[in-house]
**Student:** 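Before anything else, here's the structure in question.
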Amino acid sequence: MSRKKFIAGNWKMNTTVEEAVALAKGVVEAVGGVSDVDVAVCPPYTNLSAVSQAIKGSNVKLGAQDVHWEAKGAFTGKVSCDMLKSVGVTYVIIGHSEQRQYFGETNGTVNKKTKAVLAAGLLPIVCVGETLDERNGGKMDAVIDGQTRGAFEGISASDAAKCTIAYEPVWAIGTGVTATPEQANEAHVFIRNILVSLYGKDTADKMRIQYGGSMKPDNAKGLLALSDIDGGLIGGAALKPADFAGIVQPK
Ligand code: PEP
């Protein structure tokens with residue numbers, strides 16, 4: 001089964017509006033014409049509108065880093081799916097490990113957000129991944145199983161097929177330590193098998209599983225060559241157009 005690769009840049013809490021526009025323009029210049037890989041950038045909320053304009057007319061799509069599941073109302077500090085749609089967002093990152101670690105994200109809130117995003121016609125990027133303690137304690141499979149099944153509870157196969165999963169071992173995020181291609185692919189195959197058990201092989205084969213965790217131009221090729229690694233969710237290296245381009249089109 002061949003799945004189109006998908007590389008998304010998670011800019012996290014970086015960039016002012018001016019910096020975001022410059023970065024977006026750099027990304028468009030470097031990879032805006034690429035059509036054999038799906039490419040997205042995910043700036044902070046404050047810069048979505050400006051980046052939406054900066055990428056217009058290119059193949060680069062816009063993503064958000066989070067969303068709230070409610071449609072509107074008294075939820076100070078939160079942003080809804082319709083608000084994201086109104087500024088041109090296509091993808092929404094859900095359940096990033098930093099959200100889980102610092103801001104109380106649970107498998108339950110990931111599930112609510114995933115349902116809301118799908119209902120709004122947006123495309124979720126659902127993050128899963130184990131901490132170093134969980135891996136060393138032999139809990140990796142149980143953690144990934146719980147996160148994946150939790151995220152997709154009550155979601156139909158046709159909706160699940162629209163989702164991307166990002167496998168991000170927490171110990172590899174922003175640390176410079178990358179999972180070896182074999183470690184990563186093993187986890188991806190494990191996740192694919194959970195999807196097969198939930199939705200059957202046809203749907204599971206359609207779903208893209210990105211790797212995330214210190215992916216860079218010099219390790220991207222090896223990771224992306226593996227059977228079940230369908231792209232990358234990129235943090236640090238997404239902040240430099242040349243590095244990001246070196247992952248989209250690794251040499
Ligand atoms: C991330 O946080 O999604 C990520 C993968 O970060 P980095 O590439 O910096 O490890």
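These figures come from a predicted structure and were not determined experimentally. One-based numbering, in listed order, for ligands and for the atoms of each.
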**Student:** What's the shortest distance from atom 2 (O) of ligand 1 to any protein heavy atom, and which residue and atom give it?
**Tutor:**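 Result for atom 2 (O) of ligand 1: Lys12 NZ, 2.5 Å.
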
**Student:** Atom 10 (O) of ligand 1: which of Gly174, Gly235, Gly9, Ala166 has the nearest heavy atom?
**Tutor:**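 That would be Gly174.
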
**Student:** Looking at ligand 1, does any of its N/O atoms fall within less than 3.5 Å of an N/O of Glu168?
**Tutor:**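 Between Glu168 and ligand 1 (N or O atoms, distance only) the closest approach is under 3.5 Å.
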
**Student:** Measure across Ala30 and Pro241 and return the closest heavy-atom pair with its distance rounded to 0.1 Å.
**Tutor:**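 In terms of heavy atoms, the two residues are closest at CB-O, 4.3 Å.
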
**Student:** Just need the protein heavy atom nearest to atom 1 (C) of ligand 1, so name the residue and atom and give the distance.
**Tutor:**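 Checking every protein heavy atom, the shortest distance to atom 1 (C) of ligand 1 gives His96 NE2, 3.3 Å.
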
**Student:** Any Lys/Arg nitrogen of Arg208 or Asp38 sitting under 4.0 Å from an Asp/Glu carboxylate oxygen of the other?
**Tutor:**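 Salt bridge flag = yes for Asp38 with Arg208.
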
**Student:** Salt bridge between Asp82 and Lys72, side-chain N to carboxylate O under 4.0 Å?
**Tutor:**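 Salt bridge flag = no for Lys72 with Asp82.
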
**Student:** Measure the NE2-SG distance between His96 and Cys127 for me, rounded to the nearest 0.5 Å.
**Tutor:**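 Rounded to the nearest 0.5 Å, the NE2-SG separation comes out at 5.5 Å.
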
**Student:** What atoms of ligand 1 come closer than 4.0 angstrom to any heavy atom of Gly236?
**Tutor:**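 Those atoms are 7 (P), 8 (O), 9 (O).
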
**Student:** Applying a heavy-atom cut-off of 4.0 Å, say which part of Asn10 lies close to ligand 1: side chain, backbone, both or neither.
**Tutor:**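 The answer is the side chain.
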
**Student:** Angle class for the Tyr199/Phe152 ring planes (parallel below 30°, perpendicular above 60°, tilted otherwise)?
**Tutor:**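 Correct class here is perpendicular.
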
**Student:** Going by the order shown, which atoms of ligand 1 are within less than 4.0 Å of some heavy atom of Ala172?
**Tutor:**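 The atoms of ligand 1 under 4.0 Å from a heavy atom of Ala172 are 10 (O).
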
**Student:** State the atoms of ligand 1, each with its element, that fall below the 4.0 Å cut-off from a heavy-atom position in Gly213.
**Tutor:**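 This gives 5 (C), 10 (O) as the contact atoms.
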
**Student:** For the residue pair His188 and Tyr167, does the interplanar ring angle fall in the parallel (under 30°), tilted (30 to 60°) or perpendicular (over 60°) class?
**Tutor:**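 Rings of His188 and Tyr167: perpendicular, over 60°.
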
**Student:** Under 4.0 Å from any heavy atom of Gly212, which atoms of ligand 1 are there?
**Tutor:**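 Result: 5 (C).
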
**Student:** Pick from Leu118, Val110, Ile93: which one makes a side-chain contact (heavy atoms from CB on, under 4.5 Å) with Pro124?
**Tutor:**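 Of Leu118, Val110, Ile93, side-chain contact (heavy atoms from CB on, under 4.5 Å) with Pro124 is met by Leu118 alone.
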
